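Just below is one structure, and these are the notes that go with it.
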Amino acid sequence: MLKTEHICVNFGGIKALVDVNINVKPGNIVALIGPNGAGKTTLFNVITGFITKYSGKVFFKNENISYKPPNVIYQKGISRTFQNLKIINEVTIKDNLILGLLKKKIKKYYFKNFFRFDKKFRKEIEQTLDYTLELFGISEWKDKTPDEAPYGVLKYLELARSYLSSPALLLLDEPAAGLNNFEKEKMIELIKKLKNEGITILMVEHDMNFISSLADKVYCLNFGKIIAEGSYIEIRNNPEVLKAYLGDEDA
Ligand code: ATP
């Protein structure tokens, strides 16, 4: 589903990514771990086109998508969520979801005709939104604005918005961050649901319990390099990974 070859990114003198090769199989959930500043978000930004100054190649479903801009990559079937939520605070939770439909359902009307949809079309959109709100367990918040909702609801909202764009590959940047244990359990169930629908997932995450519940494979980055790859158990016991997280002596 996704392959990167020899990705290198430099920010001034900082080598954020050094010869990064990853391979994500269709239908898998793959986790990307590593200490702060290891390069995880940078790799997400390369894959999704937010960074285009890099060397190396990115393949999505065997197509070379290197250096393409985010809108093109999104159209091809890659969606993402963000470490810092990207939500419109001035509109309701339900209206925030509409953005997820822009790719397919309402592309040709786009914003210009947004308020001129015919009744039948509006109804169809309403139904899709209501179904999705229900699926992600956030129906009761639909008429609230984001600042009136708990953080967990906003994380589910971002996930729901990505889901609505029918991605083949979904990139989740720290889906468990900021959630309490109850909310994390719900997030795990939601991600499993997406996997069951055939969506391939690559996620950056720090929470090891969360990863152990979901990941088919784990990559560990440190100082921009992949230092280990394997199953959760293999990674958990890998001395290089322990050293990267805990330092030499503690490891
Ligand atoms: P975290 O877990 O803290 O989110 P990360 O693994 O996602 O960290 P990145 O955000 O990818 O790490 O950062 C990798 C390195 O690149 C860091 O040294 C960071 O300071 C640097 N970096 C990231 N983005 C930029 C930028 N736009 N300009 C300059 N340096 C950057």
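Note that ligands are numbered from 1 as they come in the structure, with each ligand's atoms numbered from 1 the same way. We number each residue from 1, following the sequence as shown. Below, each value reflects all heavy atoms present in this structure, side chains not excepted, and no hydrogens, waters or symmetry copies. From a predicted model like this one, the values you see are computed outputs, not experimental measurements.
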Would you find more than 12 non-hydrogen atoms of other residues, nucleotides or ligands less than 6.0 Å from N84 atom CG?
no
If you count the non-hydrogen atoms of other residues, nucleotides and ligands that lie under 6.0 Å from NZ in K186, is the total more than 12?
yes
Can you figure out which of A177, G37, G39 has its heavy atom closest to atom 1 (P) of ligand 1?
G37
Restricting to heavy atoms, the pick from V204, L221, T42 nearest atom 9 (P) of ligand 1 would be T42
Non-hydrogen atoms of S162 and T81 that approach each other most closely
OG-CG2, 3.6 Å
Ligand 1 to H206, heavy atom cutoff 4.0 Å, flagged ligand atoms 2 (O)
Between F50 and F82, is any pair of side-chain heavy atoms under 4.5 Å apart?
yes
Tell me, which protein residue and heavy-atom name are nearest atom 20 (O) of ligand 1, and how many Å apart are they?
I14 CD1, 4.7 Å
Please state which option from N222, N36, N45, T41 has its nearest heavy atom closest to atom 3 (O) of ligand 1.
N36
For Y245, does the OH atom have more than 12 heavy-atom neighbours from other residues, nucleotides or ligands under 6.0 Å away?
yes
Which of the atoms of ligand 1 are close to Q83, meaning less than 4.0 Å from one of its heavy atoms?
4 (O)
Counting non-hydrogen protein atoms only, what is the nearest one to atom 2 (O) of ligand 1? Give residue, atom name and distance.
K40 NZ, 2.8 Å
So, the side chain of N23 versus the backbone of K3: is there a donor-acceptor pair under 3.5 Å, distance only?
no
Do the side chains of K40 and D173 get close enough for a salt bridge, i.e. N-O under 4.0 angstrom?
no
Taking only heavy atoms of A38, which atoms of ligand 1 are found under 4.0 Å from at least one of them?
5 (P), 6 (O), 12 (O)
Option nearest atom 22 (N) of ligand 1 (shortest heavy-atom distance, choices F223, F50, F11):
F11
Is there a heavy atom of G34 sitting under 4.0 angstrom from any atom of ligand 1?
no
